[in-house]
Each structure stands twice: as structure tokens, then as C-alpha cells.
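Just so it is clear: chains get the letters A, B, ... in the order the sequence lines come, proteins before strands, and each one is counted from 1. Everything quoted here is computed from the prediction, not taken from an experiment.
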There are 2 protein chains.
Amino acid sequence: MREKTARIIHEWADSCDTEVSIAVLGGAWKPSILMLLDEHGVLRFGELGRLLQDPTARVLTRQLRELEDDGLVIRTVYPQVPPKVEYRLSELGASATPVLAELTRWGTLYSTRQRAAAAEDAEAAATM
Amino acid sequence: MREKTARIIHEWADSCDTEVSIAVLGGAWKPSILMLLDEHGVLRFGELGRLLQDPTARVLTRQLRELEDDGLVIRTVYPQVPPKVEYRLSELGASATPVLAELTRWGTLYSTRQRAAAAEDAEAAATM
DNA sequence: CCGGATCCCAGGGGATACTG
DNA sequence: CAGTATCCCCTGGGATCCGG
């Protein structure tokens, strides 16, 4: 299970590295997680959950584990009761920041254009 | 069905535009399609299929339709027999090129690091 | 506090067969 | 040639309940 992305890579890495990026970064909460860790430096599991507006614990755990397995995030467990677990970006994880920034930039551009187009449509419909 | 992405946008655009980009660009064949159209300018349905190493016609059709609905691709039908359909990038579609380039760049970086890590592991195992 | 175990569901991708 | 129609399957996200 640890080798999921690794297997993907082995199969068709050189053919399309774009898919690799999407496979690694494309989880439902992964971009947000990476951006939050980039912004805050270190965050505990619970803090992440609250900042993300409470995804299911199971889901958040999985996203974080996958990011850890893929080497983007470093998980530190403090052996104490109650438990305390901290997450922070690895160097590789930090290297993904420009990609996320680019995705955000284009996403904003796209949304703007779509809203503009929708407004035009509405106007055209009103003028008819 | 046409408004799928549009609805997504309306719901949580401003919160995370990154997700929008992934929703629009994240299809199984979409990055490759966009890059091929960027490179070749104009391509017919069949040409695209061959260059992509034959995805199912149904799948390719859906990917192209979604890209068209999202305004990234322009579809031109020539009313003749046998049919001829051409695809090319819209301005918006062309604007996605840097994003794809960035994804490819980081995907390559990631793959390289992973391979290096795997090699280290193998070496460590051999030395044990 | 930080999860693991179990169950469920939607939908995206694919195979196959057919058509204007 | 460029699709459409049907069917299947698997994955990823989520809800709920339980545990150290």
C-alpha cells in the first residue's frame, strides 16, 4: 500500500510527469494541507482539521499518510498521553509550493472568465 | 450536465481555486490532450486518439466534451461524409499551458527524487 | 487527542457493440 | 470517421462507531 504512487511512477513516469503531479497533489484536501503547512510551518492533527473545516478524521489521516509516504510531509509523534502529533513540510513538500501557486493562479483566472461569460449570457438573455 | 464545473465553481471557488484547476485539468487524458493541441495547433479526433495511444472512443469523446464545455477547447464539425471534426485550443485553453508545464516540471523532479531514494534503499539493503 | 475498522456510495474510466 | 449506448468495476471520499 505504501508503494502506490511508486508503482504509478514506475509504470508511466517518463511518458507523462503531469499525471504524477496530479496523482501526488490531487487529493481532496492535499493542496489545502500543503498550503497550510507552508504558511504555518508546523501544525498538529487537530489544528489542521479545524483549519480545513473538519473533514472526517479518517479522511484527513489518509491524506496525511499518503503525503508522508510520498515524502512531502514529515510526521512527528510525541510519545505522551494524550497523544500529540505534528506535521510539517519536507524539503520536497516545500518544493511543491510554486506548483500550487500556479494552480491557484490559473484557477482564479478561470473562475473569473467563467463568471464573466455567465454575466454576458444573462445580459444577452435579458436583451432578447 | 453541461454545468458541472460551473456548479463546482459557484460552490467553493474563492475558498480554494486550486481545486478548480484540478477539477478542470485533472481528467485522465486532459493534460495530454491540451499539450498535444498546444503543440500541433489543430488535430482531428482520430489523430488525437492515435497520439494518445488509443483511449476508448467514448472516454476520449467525454474528455473533449468536458474541455469544450469548460471553454478550453474549440470543436469544429465539418458537415460532410465521412465526418470530420477538428479540435483546437481556445485562448483560455492556451492560458493553461504554463500550469501544465509547471506540473510536468515538478512531476519530473518528484520522480527523480523518488528514484534516487529507491536507489539508496537498495544500496542500504545490499550493504546490510 | 489521534487515530483504526467497517460499511457505504457516487462517479470516472474502461470494454464491447452499434450507428449516421 | 466520429461518435453513442450499455454495462461493469474500482477507487476515493465520507459517515459512524470503537480504541489506546
- dT16(C) base to Arg58(B) side chain: any donor-acceptor pair below 3.5 Å? no
- Message: Please tell me if Gln63(A) has a side-chain N or O lying less than 4.0 Å from either OP1 or OP2 of dG13(D).
- Response: yes
- Message: Among dG12(C), dG20(D), dG3(D), which nucleotide has an atom closest to any side-chain atom of Pro83(A)?
- Response: dG20(D)
- Shortest side-chain distance from Arg62(A), nucleotide among dG3(D), dG12(C), dG12(D): dG12(D)
- Query: Roughly how far, to the nearest 0.5 Å, is the CG atom of Leu36(B) from the CG atom of Leu51(B)?
  - Reply: 5.5 Å
- Note on the structure: Of Pro82(A) and Gly26(A), the one whose closest nucleotide on DNA chain D sits nearer the 5' end is Gly26(A)
- Message: For a quick check of understanding: with a heavy-atom distance under 4.0 Å over all strands, which category does Tyr78(B) fall into, base, sugar-phosphate or nothing?
- Response: nothing
- Task: Looking at every strand, decide which applies to Gly49(B) at a 4.0 Å heavy-atom threshold: base, sugar-phosphate, or nothing.
- Result: nothing
- Tyr87(A) vs dC2(C): side-chain N/O to OP1/OP2 distance below 4.0 Å: no
- Message: Just to be sure I understand the rule, does Ala57(B) reach a base, reach only the sugar-phosphate, or reach nothing, if contact means heavy atoms closer than 4.0 Å?
- Response: base
- Message: Within residues 36-48 of chain A, which residues have any heavy atom lying less than 4.0 Å from an atom of DNA chain C?
- Response: Arg44(A), Phe45(A), Gly46(A)
- Where at least one partner belongs to residues 25-35 of chain A, residue pairs that pass side-chain hydrogen bond (donor to acceptor under 3.5 Å, both in side chains), sequence neighbours excluded: Lys30(A)-Glu66(A)
- Contact class for Thr56(B) vs. all strands (heavy atom < 4.0 Å): base, sugar-phosphate, or nothing? base
